[in-house]
Amino acid sequence: MGGALYRQSAQRRWAALALLAGLTVLPLLLQAVGHEFYVSFVSRLLIFALAATSLNFVVGFGGMIAFGHAAFFGAGAYTVAILMENGISSALVAWPLAIAVAALLALGIGLVSLRTRGVYFIMITLAFAQMIYYLFISLKAWGGDDGLSLASRSTLGSLPLSNDAVFYWVVLACLAATLLLLDRITHARFGRVLQAIRENESRMEALGYPVHSYKLLCFVIGGALAGLAGALIANHGQLASPSLLQWTQSGTLLVMVIVGGVGALYGGVVGAATLLLLEEVLSHFTHHWHAALGLALLFVVFRAPHGIAPWFHRRFSRSKKNEAPRE
Amino acid sequence: MSEPLLNIVGVSRHFGGVHALSDVTLDVVAGEVHALIGPNGAGKTTLIHQISGAQMPDAGRIEFSGADITRLSMHARVAAGVARSWQITNIFGRLSALDNVALAVQGRQRDWGSSFRFWAPVDAEQPIIDEAAAWLAEVGLAGRESTLAGSLAHGEQRQLELALALATKPQLLLLDEPMAGMGPEESERVVELIEHLGRRVSILLVEHDMDAVFRLADRISVLVSGRLVFTGIPDEVRAHPEVRRAYLGDVDA
Amino acid sequence: MRLAAVVSAVAATLAVSLPLGTSAHAADKVKVGFLSTLSGPGAGLGVDIRDGFQLGVKHLNGKLGNLPAEVLVADDQQKPDVAKQEAEKLLKREKVDFMTGIVFSNLMLAVGPQAFDAKTYYISANAGPSQYAGEQCNPFFFNVAWQNDNLHEAMGKYVQDKGFRNVVIVTPNYPGGKDAVSGFKRFYQGKSEEVYTKLGQLDYAAELAQIRATKPDALFFFLPGGMGINFVKQFVAAGLSRDIQLFAPGFSADEDVIKAVGAPMLGMFNSSHWAHDFNNPENKRFVADFEKEYGRLPSLYASQGYDAAMLIDAAVRDVKGKLDDKEVLRKALEAKRFKSVRGDFKFNNNHYPVQNYVLRVISKDVQGRVTNKTMSTTFSNHADAYANQCKMK
Amino acid sequence: MTQLILEQALNGLQFGLMLFLLAAGLTLVFGIMDMINLAHGSLYMVGAYLAAAAVAASGSFVVGVLLAVAGTAVLGALLEMTVLRRLYTRDHLSQVLATFALILIANEAVRMVWGDQPALLNPPDALSGPVELGGFSYPAFRLLIIAVGTVVALLLYWVVACTRVGMWVRAGASNREMTEALGINVKRLFTLVFAAGAGLCALAGAMLGPLLAVQVGMGESILILAFVVIVIGGIGSIRGALVGSLLVGVVDTLGRALLPWLLRSFLPGEVAANLGPALAAILIYLLMAAVLFWRPAGLFPARG
């Protein structure tokens, strides 16, 4: 799949901007029709899109199948909650710290885990995430099994984050900024190196690249962005819940990435949206919506094996195939 | 003779009970083309692995430019000036030929700075692209820049492999059967290329094509069952009785 | 900062345009958001509360306070974040008039602020966290069950009175478990050793070996749901029941647990504020109809769900369906004009019950079923230890 | 104290042997077919539910367990032939997604058939009490589990080490192409291995069911442990699975019992009380991380 997916066409850029504009006015539309509840729902969706995107950077760009991403997601959430407990509510302090804590954690876990590969890497990242999970639910000071409630949302200058619409816009801005950043990274030197490492790791080493450092940094960037998503989710529900750290959370994020499209820039977004919307819609119709979701996922595996985003993209760019620089 | 560029002292390597290399001592001096010959399974590729850093020896020492590199990682050795090619083609099949070489060029931190750059688009770095194109031309791949490496012909892939190694601008080039699977025309081009390079770069060449070896090599070392049997100039090697018996014998026959 | 100003202005406009409460008129129906644990290991508890609540609505002919009742049932999966999402749906999208159903205190604490912010009365049919009984007591929170510590206190008092002086306490390592320990020890003064397990743990082999080595004369455990079932089974299978007397709060020894464990529980003492053999007309009707409707004996959870429906009914009837005047509605709830199946109770200043607690023992009834039998009253008109910290506004 | 340690060692053995039943099938599927099967735990769950239903219907524990094992094996074979077979050649991520989907479907299917509440499965009456073991009493049913586990482990070891099928299986784990070159019907071998793994799952589910709880979701928590086991042992190695299982079983059980006591001897009470359970809970994950740190391919790597 690789680089071809990221080659931005002007058309794609316009599509992205139009989508961004649409999402920006969404709260106004929802409020006009009296469905402001869905503002909060879409905020949550965007936060999960951010978390899944951060994992997709590690899995899709870095080629590392990490099964412990919940650790960083949760660490970001708990950092904000713990700081709030200690009277630090400013987002300008707490959110960067959440990112830093998640990044540090990713650095430590990555240093050890990257010694292994393949399935062993999957399992060792899972093991570390489980350790973090059990640590948090065992420590009463950090809320134990109850999680930590936030007295209020973080403060961000004079922005009233307690207003769901304002919070939504902040989340949207974070997601847009992240996507822009990742788009730039993948087209910059670092991104090309990552792409080549995914393609042929030993050859990169033999071209003089310290492969381990590149992978580690990719892992850390992914962790840091998950930390940001964690900071947002803690603010969204005003709760840092241990379930954010659970292995099922790592699994859900991974499923979002695979469904959306591994290595596709918008894969995480598409995956999160697909999964959460399916959940919302299916649970309306049947109590047994999990089974329906399972069948839908099987469909993805066997019919859209590279995920939904690339599938769309292929459809979308079919007419432009002749321009592709291939022979 | 000048100071050796590469100095291998008493290197041994075994896999389980098999001794792939036993106490090998060898040197390559600056500007030399040093050929390594021997029957299949003699340990030639294993020795290349030890020098390039793909594997670490169990015993012995490897010095490069006077520094001990025995325990250095592969990428650090490349940065120090040791590059290699593979016996089995090892390239980035899903990138264009140009992107393949551009990666090798970009990897030279001393010339281009760090690759830990996250914002500026790499497609806009014209000097790197120009240099990559020049390397492609040098190995005879001009005009194939935008072809996916995976869809190049086998011989072309071998040439690309060579371009990748060259683009790291090494002092020492480890070539593991660069002409394997090539037609006579392509082989001739590679031989010419090595002759041409010989003045700028030191080369340790593993090759089965004896005509090419005797044409290119300044010195030849013979490896048999993991042991270095003999090192000398081509004429000495031709004359050496043990070498004839052990290796060249079947060439004469 | 200019951006911030613009955003604030837009937000302010939005806030104004939001329809914030309309004038007080009689509602045409009562919407109740019933959010409880209906799947997973704790599901039995939530299902009992739900069935009790719905039996109550049925007894009231599908109405609450003479208005058609609409009960929206949601599952919190025993996860705080799921509970918050579901609560948000019920409060913001469905705009329910009352909320009830939550089993576990940690979920209650997560959901509480949302209900209070939305000025929606929460009628707790089980969870009774100490926070809402003390400093964080809230006018929008009512509890028809008990404060978490109460049943543990009652057991502690009985164990103390019976002269046991060497007790092991087993409880999960979570806030509810620590509350159980402090509640029990408030009235029990002898030697005690605490064993903490993982929440949701199912195999107690390691803990039982430890208990065997400690050689206590009594054991008090608080392990909600499936945990308690497994613990009792394994405790008996390990042969510990011969030397150690078991005690537990009512929720670890109620019909759901008895059904799963059976005869090995015979002889176990437990504390409760209600039992199915209470002899009052309301209770007799409740127990008989519950058995008829669902084919099993009701548990104390079911009785609490039933009482929650009765409380809402009485209050709505009192205010004649005018649900928008929150102040009047609160007075009506506080007045508690209905007969509880547990006999009687009244609300304390913190909206928690002041009531009697009894000792029950598990034995065979006349039909040969293994079930609870009421023995004696441990506390009369017992309040909780936190009420004096509550300054209800 | 020695009696406590002895009892805990027995508990660890019992837990470890049951983990082995799960891990054995998982490690073979993993090793031979290079396939991550998250739905392995679902077979354990289904086995336990089938056992509960069969015991209730037949009135006999033994008959019920045997029926459950046979039923789950058939189900496993069907699953392999319809869905999983198409995943062998796919990448790990597709396997994760597909088998995750199977978990969701299995959980809902069980919920539809047996409801939300746990199913009832009790040990046979004769074994529900304790037996005297030189000075202390030990639950009879746990002894039965140890016995069954030991017999099955020995049997499995014999099959894999000494029989023709076992040779194919070992060959498959270390070199798949070679196995195919030997002209073995690989398709049928895979189905057979998968069915056997499913049967072992069901046996574990039926034996642990009376001790733990037969409920939806029981497969997921134990699945993680089974993965930990095979990763510690080295993927594809039966010996590794056995050693890993016993290691995890004993470390977990002894850790839970001894760690709080150990900590209390040199830390202040409050800190020890908080730290003890936390540390005990992460002990096996620490073990796994440590093993992988020093042996990145597990204790007994099956492949060169």
Side-chain angles (χ1 to χ4, degrees), chain A residues 1-9 13 57 61-63 114-115 177-218 220-222 224-225 263 306 323-327, chain B residues 52-54 73-86 89-96 98-110 112-125 128 144-152 161 164-165 167-170 174:
Chain A
M1 318 181 270
L5 280 181
Y6 306 116
R7 222 149 270 156
Q8 284 266 7
S9 64
R13 191 162 298 150
F57 185 64
F61 293 76
L114 281 172
R115 288 173 57 89
T178 301
L179 286 172
L180 176 66
L181 175 74
L182 292 185
D183 189 41
R184 296 298 297 222
I185 287 184
T186 49
H187 291 96
R189 281 189 182 187
F190 184 73
R192 176 145 80 176
V193 172
L194 278 186
Q195 190 191 350
I197 289 175
R198 202 171 65 237
E199 180 90 1
N200 190 339
E201 194 169 324
S202 65
R203 193 65 182 97
M204 280 305 273
E205 186 85 24
L207 289 181
Y209 290 94
V211 167
H212 188 264
S213 311
Y214 283 91
K215 290 175 80 171
L216 184 60
L217 184 62
C218 172
V220 169
I221 291 174
L225 290 172
H306 297 295
E323 295 174 27
R326 293 189 184 180
E327 294 171 33
Chain B
S52 69
S73 64
M74 190 194 274
H75 63 82
R77 295 187 203 203
V78 179
V82 182
R84 71 170 291 188
S85 73
W86 268 264
T89 307
N90 197 355
I91 53 178
F92 304 98
R94 283 187 276 192
L95 301 187
S96 71
L98 187 71
D99 281 349
N100 265 269
V101 186
L103 275 166
V105 174
Q106 180 192 322
R108 276 175 8 236
Q109 198 169 336
R110 57 185 183 274
W112 301 107
S114 165
S115 276
F116 286 101
R117 292 193 191 170
F118 306 98
W119 196 256
V122 74
D123 289 347
E125 299 204 54
I128 291 183
R144 306 290 275 156
E145 285 85 355
S146 56
T147 311
L148 285 189
S151 20
L152 290 171
E161 168 105 38
L164 282 179
T168 66
K169 284 199 179 169
L174 309 170

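All chains are named by letter (A, B, ...) in the order of the sequence lines, taking the proteins before the strands, and each is independently numbered beginning at 1. Keep in mind that this is a model prediction, so the values were computed, not measured.
- The candidate from B:S115, B:A80, B:S96, B:G107 with the greatest count of non-hydrogen atom pairs under 4.5 Å with chain A is B:S115.
- Within the 4.5 Å cutoff, the side chain of B:W119 has heavy atoms near those of the A:L181 side chain.
- The minimum heavy-atom distance between A:R184 and B:A120, with the atom names listed, is NH2-CA, 4.3 Å.
- Only the side chain of B:E125 comes within less than 4.5 Å of a heavy atom of chain A; its backbone N, CA, C and O stay farther away.
- Looking at every heavy atom in both residues, A:A206 comes nearest to B:W86 through CB-CH2, 3.2 Å.
- Taking chain A as the reference chain and counting heavy-atom pairs below 4.5 Å, the highest number among B:L103, B:N100, B:I91 is found for B:L103.
- Looking at A:L217, only its side chain comes within 4.5 Å of chain B, counting heavy atoms on both sides.
- In terms of non-hydrogen atom pairs under 4.5 Å with chain A, the most contact-rich of B:A76, B:A54, B:S114 is B:S114.
- Residues B:D99 and A:Q195 are not in side-chain contact: their nearest non-hydrogen atoms beyond the backbone lie 4.5 Å or more apart.
- The CG atom of A:L207 lies 5.5 Å from the CG atom of B:L164; values are rounded to the nearest 0.5 Å.
- Annotation: side chain of A:R192 is not in contact with side chain of B:L95 (no heavy-atom distance under 4.5 Å).
- Note on B:R77 versus A:E205: no salt bridge recorded, every NZ/NE/NH1/NH2 to OD/OE distance being 4.0 Å or above.
- Using a 4.5 Å cut-off on side-chain heavy atoms (C-beta onward), A:V211 and B:M74 make no contact.
- In terms of non-hydrogen atom pairs under 4.5 Å with chain B, the most contact-rich of A:N200, A:I221, A:I185 is A:N200.
- Under the 30°/60° scheme for interplanar angles, the aromatic rings of A:F190 and B:F118 are found to be tilted.
- The heavy-atom pair separating B:F92 from A:M204 by the smallest distance is CZ-SD, 3.4 Å.
- For the pair B:R84 and A:R203, the tightest heavy-atom approach, listed with the atom from each and the gap, is O-NH2, 3.7 Å.
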